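Counting starts at 1 for both ligands and their atoms, in listed order. Nothing here was measured: the structure is a model prediction, and the numbers come from that model.
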Amino acid sequence: MKVAIDGPAGSGKSTIAHELATQCGLMLLDTGAMYRSVTLACHEQGVDTSDAVAVGEVARRVQIAFGTAADGTQTVSLDGRDVTSQIRTPQVDKDVSAVSAIPEVRDAMVEQQRALAQDHDVVAEGRDIGTVVFPDAEVKVFLTADPAARAHRRALQRDIVDADEEQRILADLERRDRLDSTREVAPLRPAEGAVHIDSSSMTIEEEVAQIRGLIDEARGKKASSEPAAKQVETTEAPEVEARPAKVKKEKEPKEEDPNDFFYDTDMREYPLRHRALYLATMLVCGCISKLFWPWKLEDGEELWNADGGRMVIMNHVSMLDPVIIVISDWAHGRRMRPIYKSEFDKVKIANWFFARVGAIPVKRGTADLKAVRRAQRAMQRGEDILVFPEGTRIYSDDQEVTIHGGFALMAQLAKADVQPVAIVGARDGAPGGNKPLRPHRVFMRAGKAVSFDELGVKGRKKQAAAMEKTAMERVYALRDALRRDHPGKM
Ligand code: DC
């Protein structure tokens, strides 16, 4: 069984191939690492990477092998020396496309790749696996993602948070894409019959499940086309549980979601009829909510007087919370986009309506890069983003709470301050479940915004963790103060 995964840099091939190798008991062949090793060998031996003859000789001489580190990740050795980290530097990034475009290098590598894979079930990833190395592979996948998402992944892998640096990564990826897909020998292109997967907004689990479906389907086909004795051998392979193939073959990447326009456009620039819909929604919901649940945002100037583009976070007690905070923002000339869990989009009309009032869906429990980027851009445009880090409504103080830290990452990327807001009273007015709505006073309070500078921590991950903790502590301190000042409100 050969599984071929091709695609541009940063499309997630390595992560997916590694997962598949582990889950399906396949040997992992990272062919990019081999071209990188040749590039490194040239650097170390002082060989000019534009000298095709000399580089070709290096490629024929080197011995590349793969091993496994204690943590289960793959290691790469060059002539018996571990070079796993040395092959992933900007210097190697810079020259590897030129090296891999040399026909003699490709011949030598393809020969080594076929030899390494001989007599093994393999998942191989690269640029020409389905077209050249294993054209008969039983499963062929062409993995893509939009360039911004790929650059962002690379930046995260390399612990880079600076937007300019990420732009440079993006420019380098685009440069390599161009070189890899326009070279004469074995250019990057989808193999015939390859299944296209656009991973821009998919989770790793979803991608792996999709390809596992293809592998299981191929294994099933193989088993049924082989003689009976052999069939037993194949179907007895223990690690892979049979799963229905969930995929349909698509020749073209997925179509754009018609709601994308609303997620990616400044709300003030929506077409007139959508701005009218927004105005009507604000007026109707504003009147009804003020009548039944007279509400107030105390110390609202903390938010209203600030420049637009804040990350607003709030405790979550009822369905009223997003409605009234959005209305109060709008009443002060601002625009706020709530982030909501994409599960709600199963209801078509909800999906349609939420998009038009500026809400952005996020796939929970995943690094939903598309949603992160959308929120970042919205804040950079001056729109506020609303996140409920508790993730779900908290009906009682005994309920276990998990804080979702995605808000800190979004704020970090947009260089936005985080605005804590707390709410009390809404739980009594709109208790949820089958309990009836009832009139009740609701109080919110805005606290002092938290900036990344004041955290006094260096390093992207540490900063995000500190922001998550400090900002949520402020939310809960505000909530406790509200409870003290308005006794009986929860
Ligand atoms: O996947 P990667 O970024 O590690 O690959 C490094 C380079 O190697 C990439 O710029 C293109 C080249 N490559 C190739 O030409 N053919 C392959 N099968 C794999 C990688």
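Counting heavy atoms closer than 4.0 Å to ligand 1, residue Arg175 contributes nothing at all.
The shell of residues lying under 4.0 angstrom from ligand 1, judged by heavy atoms, excludes Gln113. Residue Met34 places no heavy atom under 4.0 Å from ligand 1. A heavy-atom separation below 4.0 Å is not found between Met109 and ligand 1.
At the shortest separation from atom 16 (N) of ligand 1 among protein heavy atoms lies Arg106 NH2, 2.9 Å. Looking from atom 19 (C) of ligand 1 to the surrounding protein, the closest heavy atom is Thr31 OG1, 3.3 Å. Nearest to atom 9 (C) of ligand 1 among the protein's heavy atoms is Arg127 NH2, 3.2 Å. Remark: minimum distance from atom 11 (C) of ligand 1 to any protein heavy atom is reached at Asp180 OD2, 3.3 Å. The shortest contact between atom 18 (N) of ligand 1 and any protein heavy atom is with Asp128 OD1, 2.8 Å. From the protein, the heavy atom lying nearest to atom 4 (O) of ligand 1 is Arg36 NE, 2.7 Å.
Between Arg127 and Tyr35, the closest side-chain pair of non-hydrogen atoms is not below 4.5 Å. Looking only at side-chain heavy atoms (C-beta outward), Ser100 and Arg183 come within less than 4.5 Å of each other.
Listed here is the closest heavy atom pair of Ala101 and Val185: O-CG2, 4.2 Å.
With atom 12 (C) of ligand 1 as the reference point, the heavy atom nearest to it among Ser11, Gly126, Ser100 is part of Ser100. Considering only non-hydrogen atoms, atom 20 (C) of ligand 1 lies nearest to Gly32 out of Pro187, Gly32, Ala4, Ser181.
Put simply, the residue from Arg175, Arg36, Arg168 that forms a salt bridge (charged side-chain N to carboxylate O under 4.0 Å, His left out) with Asp93 is Arg36.
Enclosure of atom CG in Leu116 by more than 12 non-hydrogen atoms of other residues, nucleotides or ligands within 6.0 angstrom is indicated.
With hydrogens and angles left out, the side-chain atoms of Asp453 and Ser451 include no donor and acceptor closer than 3.5 Å. For the residue pair Arg81 / Gln86, no side-chain donor-acceptor distance below 3.5 Å is found, with atom types taken as modelled.
Near Tyr35, the atoms of ligand 1 lying under 4.0 angstrom from a non-hydrogen atom of the residue are 8 (O), 13 (N), 14 (C), 16 (N), 17 (C), 18 (N), 19 (C), 20 (C).
A salt bridge does not link Arg460 to Glu165: none of the charged nitrogens lies less than 4.0 Å from a carboxylate oxygen.
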